[in-house]
Undergrad: 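Here you go, one structure.
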Amino acid sequence: MNISIFGLGYVGAVSLACLARDGHRVVGVDVDAGKLELIASGRTPVVEEGMVELMSEVVRSGRVSVTQNAVAAVLESDISLVCVGTPSAPNGSQDQSAMVRLCHDLGAAMRQKSRPHVFVFRSTLVPGTVEDVLRPIIEAESGKKDGEHFHVCYQPEFLREGSSIKDYDKPPYTIVGANSPEAVAVLRQLFGHLPCELHATSVRSAEMVKYCCNNFHALKITFANETARLCGAMGVDPFEVMNLVCQDRQLNISPAYLKPGFAFGGSCLPKDLRATLYMAKQRDVDLPMHNGIIPSNRLHVERAVDMVLATGKRHVGLIGLSFKTGTDDLRESPMVTLAEQLIGKGLSLLVYDPDVHLSRLLGANKRFIEMHVPHIGSLLRAELASVVCDSYVLIAATTDKEALAQVRRLAQPHHRVIDLAHVPAAPDWPCEVQGLCW
Ligand SMILES: NC(=O)c1ccc[n+]([C@@H]2O[C@H](COP(=O)([O-])OP(=O)(O)OC[C@H]3O[C@@H](n4cnc5c(N)ncnc54)[C@H](O)[C@@H]3O)[C@@H](O)[C@H]2O)c1
């Protein structure tokens, strides 16, 4: 393929070398003449394992050229990978000025080009940038339309400095955010040989995945480091602890607990987190990330309260009360906190939870609900139909698929459903459904 690459920093230079190695003709574009000179003479503009040999080899092959002329590069290629820098502005926002300037040139090139072209944005970009900022610039400058005369798409880059050639050859996956099958097909041609899955998704999701992955990496490092600080203060070996934590592939290093939903609660997580924070406080160890967990969890409950209040309706049915569907454990259930807050706001609440029978509650579980919602007995109904019938707002807080299907069957157009548990397919509902997480 004939490929143009814009921005010859870490991402662009490594991509240029690897694509040329794989037999493609690649033209590299940068505003920095020094980088272009280095590449033209077979040298690498970035220090990376294997790049010295690879750059010299691909430049000798004659498949690599460089230019400062963006328009010419688009005209002589079929696909452009855009890898220019998107650094932080002083206020923390993303500085997209290089990207925006470049897109004016890309659009000007498209005005002159009669053949179709695929623009693949690979720089990290705030969700919405490709569709709302960059595409309109290219369309305005070219007088042509995305999806007809050219295709824009977004493919996040996952390589890491220090191991970028290895990461290029073995990425965790290829994600293509595109609105047209043509763009996906071209990228499949280019990257389909890599030993990983290719996932096609929306442009915005692809943009967000990149942020989410980097934030998750930062979170993991911080978690390990905060744990190590606490371990140090407690005389525990943090390497041994983290090594064992990572051995659990069922609950720890796994998709478990990574699905958006309602707040956490129950008899263990809140109490153990509080104890951890207390251990740290006693030893003068600061754990800001751990400290932020409970306030963040509380915000999730507050958001649910705000959503109910925003409906303006006063008769509310809560479907699911225990902290986990299928149990009757009410201790620190976020649904109990939600119920308490809604009652406190003067709303009229009914509750349905087939697993919660007051007469069978014992010990700490019984004491908890008696302390937080003393008149729970008058709110609990044995029949789901009676809760639905006497409520305007229905809070779907159970993950029981059968109960949710029953709510959907019973709901009428006047109902408003607030989904805390990701109910299936909102369009099937006869009434408005709002999700806490969507
Ligand atoms: N560095 C990484 O490990 C990495 C990994 C994944 C994603 N990313 C993302 O990829 C993007 C590029 O990162 P990088 O580290 O390669 O950046 P970099 O700063 O090393 O390189 C960016 C290059 O873009 C060039 N440039 C600026 N304006 C230009 C223009 N109008 N036309 C052509 N070239 C222009 C600059 O001169 C520079 O050489 C960023 O959005 C970054 O967040 C980086």
Side-chain angles (χ1 to χ4, degrees), residues 3-19 26-40 43-51 55 65-75 77 80-89 92-109 119-130 133-134 137-138 141 153-177 191 203 206-218 221:
I3 302 164
S4 47
I5 298 191
F6 293 85
L8 299 170
Y10 280 89
V11 172
V14 170
S15 304
L16 171 137
C18 291
L19 286 163
V26 189
V27 51
V29 186
D30 204 293
V31 288
D32 183 334
K35 288 190 180 180
L36 298 185
E37 270 169 40
L38 279 172
I39 294 176
R43 284 172 297 161
T44 172
V46 295
V47 178
E48 272 293 315
E49 192 191 338
M51 271 296 276
M55 193 59 98
S65 60
V66 289
T67 177
Q68 278 190 318
N69 187 336
V71 173
V74 171
L75 293 177
S77 59
S80 298
L81 306 186
V82 182
C83 315
V84 301
T86 50
S88 268
S93 65
Q94 184 175 59
D95 177 355
Q96 300 180 334
S97 52
M99 186 61 90
V100 164
R101 263 196 311 277
L102 173 61
C103 282
H104 284 280
D105 292 343
L106 301 181
F119 294 105
V120 188
F121 292 97
R122 305 229 48 195
S123 304
T124 302
L125 289 170
V126 168
T129 304
V130 169
V133 180
L134 307 180
I137 296 173
I138 301 176
E141 291 285 353
C153 59
Y154 182 75
Q155 184 196 356
E157 174 56 68
F158 294 110
L159 62 75
R160 295 164 298 172
E161 287 176 27
S163 55
S164 55
I165 297 178
K166 286 194 190 105
D167 289 346
Y168 176 95
D169 288 328
K170 196 174 179 305
Y173 45 32
T174 299
I175 292 194
V176 180
F191 298 111
V203 178
E207 289 169 320
M208 192 65 200
V209 166
K210 178 63 195 172
Y211 278 101
C212 199
C213 290
N214 274 354
N215 295 341
F216 194 37
H217 301 162
I221 293 168

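For ligands, and for the atoms within them, numbers begin at 1 and follow the listed sequence. Starting from 1, each residue takes its place in the sequence as its number.
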Undergrad: Give me the residue, atom name and distance of the protein heavy atom closest to atom 13 (O) of ligand 1.
TA: Val11 CG2, 4.0 Å
Undergrad: What protein heavy atom sits nearest atom 6 (C) of ligand 1, and how far off is it?
TA: Glu157 O, 3.3 Å
Undergrad: Look at ligand 1 and say whether Glu161 reaches it with a heavy atom at a distance under 4.0 Å.
TA: yes
Undergrad: Within a distance under 4.0 Å of any heavy atom of Leu159, pick out the atoms of ligand 1 and give their elements.
TA: 3 (O), 5 (C), 6 (C)
Undergrad: Does Lys210 reach ligand 1, in the sense of a heavy atom lying below 4.0 Å from it?
TA: yes
Undergrad: Does the side chain of Ser4 come under 3.5 Å of the side chain of Ser80 through a donor N or O and an acceptor N or O?
TA: yes
Undergrad: Check each heavy atom of Cys83 against ligand 1 and say whether those closer than 4.0 Å belong to the side chain, the backbone, both or neither.
TA: backbone
Undergrad: Answer yes or no for Arg122 and Phe191: cation-pi contact, defined as NZ/CZ to six-membered ring centre under 6.0 Å and angle to ring axis within 45°.
TA: yes
Undergrad: Around atom 41 (O) of ligand 1, find the nearest protein heavy atom and jot down its residue, atom name and distance.
TA: Thr86 OG1, 2.5 Å
Undergrad: Pick whichever of Val84, Asn214, Val29 has a heavy atom sitting closest to atom 26 (N) of ligand 1.
TA: Val84
Undergrad: Minimum distance, heavy atoms only, to atom 18 (P) of ligand 1: which one of Gly7, Gly9, Pro87, Ser97 is it?
TA: Gly9
Undergrad: Who gets closest to atom 37 (O) of ligand 1 by heavy atom: Leu102, Asp32, Asp30?
TA: Asp30
Undergrad: Side chains of Cys153 and Val203: does their closest heavy-atom pair fall under 4.5 Å?
TA: no
Undergrad: Which protein heavy atom lies closest to atom 32 (N) of ligand 1, and at what distance to 0.1 Å?
TA: Val31 CG1, 3.8 Å
Undergrad: Report, as yes or no, whether the 6.0 Å neighbourhood of atom CD on Glu49 holds more than 12 heavy atoms from other residues, nucleotides or ligands.
TA: no
Undergrad: Starting from atom 28 (N) of ligand 1, locate the nearest protein heavy atom and write down its residue, its atom name and how far away it is, to 0.1 Å.
TA: Ala98 CB, 3.5 Å
Undergrad: Under a 4.0 angstrom heavy-atom cut-off, which atoms of ligand 1 come close to Lys35?
TA: 38 (C), 39 (O)
Undergrad: Minimum distance, heavy atoms only, to atom 19 (O) of ligand 1: which one of Gly85, Cys103, Ser88, Pro156 is it?
TA: Gly85
Undergrad: Just checking, is any N or O donor in the side chain of Thr129 or Gln96 under 3.5 Å from an acceptor N or O on the other one?
TA: yes
Undergrad: Is it the case that the side chains of Asp95 and Ser97 hold a donor-acceptor pair, with the cut-off being a distance below 3.5 Å and no angle test?
TA: yes
Undergrad: For atom 15 (O) of ligand 1, what is the nearest protein heavy atom, given as residue, atom name and distance?
TA: Tyr10 CB, 3.9 Å
Undergrad: Looking only at heavy atoms, which two atoms of Val11 and Glu157 are closest? And how far apart?
TA: CG1-CG, 3.7 Å
Undergrad: Any idea which protein heavy atom is nearest atom 43 (O) of ligand 1, and the distance to it?
TA: Thr124 OG1, 3.3 Å
